[in-house]
Amino acid sequence: MPVSWFLLSLALGRNPVVISLERTVGPRDAARCSPGLSCQLGVGNDVLCLPGSIESAPGPVLVPTYMQTELVLRCHQETSCDLCVRVTIRLAAHGHWEEPNEKSEGAAEPELKVPRNASLQAQVVLTFHTYSTTRCVLLEVQVPAAQVLPGQAVGSLVFDCFEAALGAEVRIWAYTQPRYQKELNLTQQLPVLPWLSVAADGDNVRLVLNVSEEQHFGLLLYWSQAQGALKPWWHRNLTGPQTIILNHTDLVPCLCIQVWPLETDSVRTSTCPFKDDPRAHRNLWRAARLQLLSPRSWWLDAPCSLPAEVILCWQSPGGVPCQPLIPPLPLGNVTMNKAIEFPVLKGHPNLCVQVRSWDKVQLQECLWSDSLGPLKDDVLLVETQGPQENRSFCALEPSGCIPLPSRAATRAARLGEQLLQDLHAGHCLQLWDGDIRALWACPVDKYVHKRWALVWLACLLLAAALLLLLLLHKDRGKAAPGARAALLLYSADNAAFERLVGALASALSRIPLRVAVDLWSRREMSAQGPLAWLHARRRQTLQERGVVVLLFSPGAVALCREWLQGEPPVLEVHGPHDSFAASLSCVLPDFLQGRAPGRYVGACFDGLLAPDAVPAPFRAAPLFSLPSQLRGFLGALHGSTTARPRRLEDSVEQVACALRPVLDSCFRPPAARDGPEGGT
């Protein structure tokens, strides 16, 4: 593939006189050696690349002892040259030597066990390997035995030459046939085109191509796939200097750049500059999606291959961690965009897939929940086949697998006999069947209903009494049974702001809304962790067609900007209960992908933060300033269940009365707000 001298001069230096690469003419390979040696290319030149095993030398032999390379130009025309790698091998004689015959000549050099008119011969094989090609050539060399001294160099052998592309990594091995010692090897990175550079520009990335105004070239951005395949993303034919701007959210580790001059059979140079970029790895996980193809197959949709492991787990209701199953999916690197079979017989909404990387759960999806409904309150039984066809059962609980029957103080242990009866009666669903183990999902809702019938009756009576009381109050009456769920997320900037959030949550729960806020769930958050608690609450709120409320403060805005700049905050810095920092990993993709309207509402407080200070992506959902815009805020929270105008006015007044004194306290000096310190 000929390359213009202009292009090679760009790659190898602005001033060809300084670089001054030697130029060879003609397409043929050649071999030459130092004076005293004779050499030639082997018959057929190219040979099979089979080094073979090391053999003992039968006597004196020639072996390669040192290898070096040099870049030269193989030119077909005056301005059409290929970059070529010249290989130089130094040779020495090794083997068995004859000692002097007389003691008086002890200081003399030993001689060869061959006649002085004989020659030492060797067949040297050079193996040349790049990413796309492998080639082996045979060189024959001989030297008169009279010129050889034991263990000393006898001369050098030069081969012209192996053609290679700009920017390629080449590996070269040298050995003899037969092979008498370990082969020599060398790895070399050939120069790349210096006129392509990558630089950061705030949130963006600049690709700068600095060429002359007359130079025409092609530019391709592509995703490098497994087994060397590439998936094109963006291609242009350009002229002269160019600057291409990429958004930082477009970066992924396998995003590569390919550049080539618009000439016949031109060399294409590729580079993948983002493979170690932390932002690119974060973007890759944000873009990855698990998809269910059929009841028993799934795939992971992502632009790049992921160094990750996949396991199958059982997710019980209540937000407890997903428990790995026996057997898990085979561990190993995830294959992108390829259907993978589940080792299960039946699907179940509680079966989930976890993708782990660096000992961290990066993705978790309960793939059957969309088709089979929400999580079920089922117990998973593990059946084990023992000797002589004896079978034992245990129930999977958060504390482990509890043998059945058992006296343990767990729900599955208390219902152990009933569960085993249901299994033998065929009332349980078999999820997996192996050689010695099987998995069964057994429903327990009927036992829970039966055991707690009186409790449920008492709860119903209590609920009826509460409903009657609520009906007597126009501000809490008929909307209570169908009250919309609302999840409040905020950044705990300080104690005063937490009091303001608590006052808002209490007021909203009385208008009424079913409010969830981390202030009221600290024990549950400590047990589960902020991310797990937030993930469960957010999923429940959205499944119930509720709304997620983002309360923006200066601290919340700072956290949002950190995420938008590609630097997720460390949770420990913002406190173990800061659900807002944990929520951004779930909330931000909804805003960036246009899923926020109808599901999210934003709010800030008069005097504490101006609405314009909220980052632009988060203004995709309705944003209100409180209490001045309470009417619109409450209307957005109620959604399709908006109350009558009179009741809405009452709700506005109630919430405003609850907020004003707390909001006023946020603007008082610390001494006035907290009271004077004790004195004498």
Residues Ser553 and Asp493: side-chain donor-acceptor under 3.5 angstrom: yes
Salt bridge (charged side-chain N to carboxylate O under 4.0 Å, His left out) evaluation trace for Glu365 with Arg539: CA-CA 12 Å; Glu365 290 291 341; Arg539 173 184 293 178; 5.2 Å; no
Steps toward side-chain contact (heavy atoms from CB on, under 4.5 Å) verdict (Cys304, Phe274): CA-CA 12 Å; Cys304 307; Phe274 310 112; over 6 Å; no
Residues in salt bridge (Lys or Arg N to Asp or Glu O under 4.0 Å) contact with Arg545, at least two apart in sequence or another chain: none
Pairwise side-chain contact, Leu630 with Pro627, heavy-atom cut-off 4.5 Å (strictly under): yes
Arg514/Glu544 under salt bridge (charged side-chain N to carboxylate O under 4.0 Å, His left out): CA gap, chis, key distance, verdict: CA-CA 11 Å; Arg514 290 186 290 113; Glu544 295 174 358; 3.3 Å; yes
Check against side-chain contact (heavy atoms from CB on, under 4.5 Å), Leu588 and Phe618: CA-CA 8 Å; Leu588 182 58; Phe618 291 92; 3.9 Å; yes
Test salt bridge (charged side-chain N to carboxylate O under 4.0 Å, His left out) applied to Asp277 and Arg279, step by step: CA-CA 5 Å; Asp277 192 320; Arg279 296 177 302 175; 3.4 Å; yes
Between Asn283 and His248: side-chain donor-acceptor atoms closer than 3.5 Å: no
Note, Val557 side chain near Arg561 side chain (heavy atom, < 4.5 Å): yes
Side-chain heavy atoms of Trp285 within contact of Leu363, under 4.5 Å: yes
Mutual orientation of the aromatic rings belonging to Phe497 and Tyr490 [parallel < 30°, tilted 30-60°, perpendicular > 60°]: tilted
Verdict with reasoning, Leu375 to Ser316, per side-chain contact (heavy atoms from CB on, under 4.5 Å): CA-CA 7 Å; Leu375 299 178; Ser316 299; over 6 Å; no
Pairwise side-chain contact, Phe633 with Val655, heavy-atom cut-off 4.5 Å (strictly under): no
